[in-house]
Amino acid sequence: EIVMTQSPLYLPVTPGEPASISCRSSQSLLHSNGYNYVDWYLQKAGQSPQLLIYLGSNRASGVPDRYSGSGSGTDFTLHISRVEADDVGVYYCMQTRQTRFTFGPGTKVDI
Amino acid sequence: QVQLVESGGGVVQPGGSLRLSCAAAGFVFRNYGMHWVRQAPGKGLEWVAVMSYDGTNKYYADSVKGRFTISRDNSRNTLDLQMDSLRVEDTAVYYCAKEITNYGTVNYGMDVWGQGTTVTVSS
């Protein structure tokens, strides 16, 4: 099973400032097709998760362009260029490179 | 609009069974892989199972393999999760979620989620 780790687990942020979350996998998530099989989700308080980034760097429909994903292999980063108050919640990375998909522990982002 | 609605949650004793269902609307259900994901109280997300658009491929988390069975009925636009030999640690909110692409994939991402249904396993 691929183990996903995230850092930090708690991230205090300031509106208007950039922020980033790191995600590391125990095995490479890079496929021979060139895709990195890592997704990013945000779960706001009391809500279902929502997809932000898929296949490492593709923004899902309706996701603001202040969100971006980068990285390859085993190291990935979610970037927020300018934090807004609505961005608070728990962010999860998830690997889908192996069919026993696994999430990271989550990073709580708060103002 | 695109919507997923889970049902079937409840309270069950350890060792018991429960069947969850997810009703899909607003998209061509038969073209998309579908997932179950759960979240224990106060904990993070745990992927449970996925089934391909046509039902030919299904995969499970190690924690539920051999006890849970995912299935779908493309004529009724429903996804099910049969849960047997339930354990206290299966207590969670269970979400169904739609695969993002209709390319026959099961591992690109989950772009639509239901509101979840709560399963409590307790004596």
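Chain naming here is simple, since letters A, B, ... match the order of the sequence lines and numbering starts at 1 in each. These numbers come from the heavy atoms of this one structure, side chains and all, not from hydrogens, waters or symmetry mates.
- Put simply, the side chain of Val83(A) does not reach to within 4.5 Å of the side chain of Thr14(A), judged on heavy atoms.
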### Message
Does Met94(A) form a side chain to side chain contact (heavy atoms under 4.5 Å, CB included) with Val38(A)? I'd like the steps, not just the answer.
### Response
CA-CA 6 Å; Met94(A) 176 188 179; Val38(A) 63; over 6 Å; no
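- A salt bridge (charged side-chain N to carboxylate O under 4.0 Å, His left out) check over residues 112-121 of chain B, counting only residues at least two apart or in different chains, returns nothing.
- For Leu45(B), the parts lying near chain A are the backbone and the side chain together; criterion is any non-hydrogen pair under 4.5 Å.
- Residue Leu51(A) comes nearest to Ala60(A) through the heavy atom pair O-CB, 3.6 Å, listed as atom of the first residue, atom of the second, then distance.
- Chain B forms more heavy-atom pairs under 4.5 Å with one residue of Gly106(A), Pro105(A), Pro49(A) than with any other, namely Pro49(A).
- Side chains of Val90(A) and Leu42(A) form no contact here, defined as non-hydrogen atoms less than 4.5 Å apart.
- Of all non-hydrogen atoms in Leu20(B) and Gly9(B), the two that sit nearest each other are CD2-N, 3.7 Å.
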Donor-acceptor table for chain A and chain B, threshold 3.5 Å:
| residue | atom | partner | partner atom | Å |
| --- | --- | --- | --- | --- |
| Tyr41(A) | OH | Met110(B) | N | 2.9 |
| Gln43(A) | OE1 | Gln39(B) | NE2 | 2.8 |
| Gln43(A) | NE2 | Gln39(B) | OE1 | 2.9 |
| Gln43(A) | NE2 | Tyr95(B) | OH | 3.4 |
| Ser48(A) | OG | Gly114(B) | O | 2.6 |
| Thr96(A) | O | Asn107(B) | ND2 | 3.3 |
| Thr96(A) | OG1 | Asn107(B) | O | 2.7 |
| Arg100(A) | NH1 | Asp62(B) | OD1 | 3.3 |
| Arg100(A) | NH1 | Asp62(B) | OD2 | 2.9 |

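- Heavy atoms closer than 4.5 Å to chain A are found in the side chain of Val37(B), but not in its backbone.
- The two residues Val50(B) and Ile70(B) make their nearest non-hydrogen contact at C-CD1, 3.7 Å.
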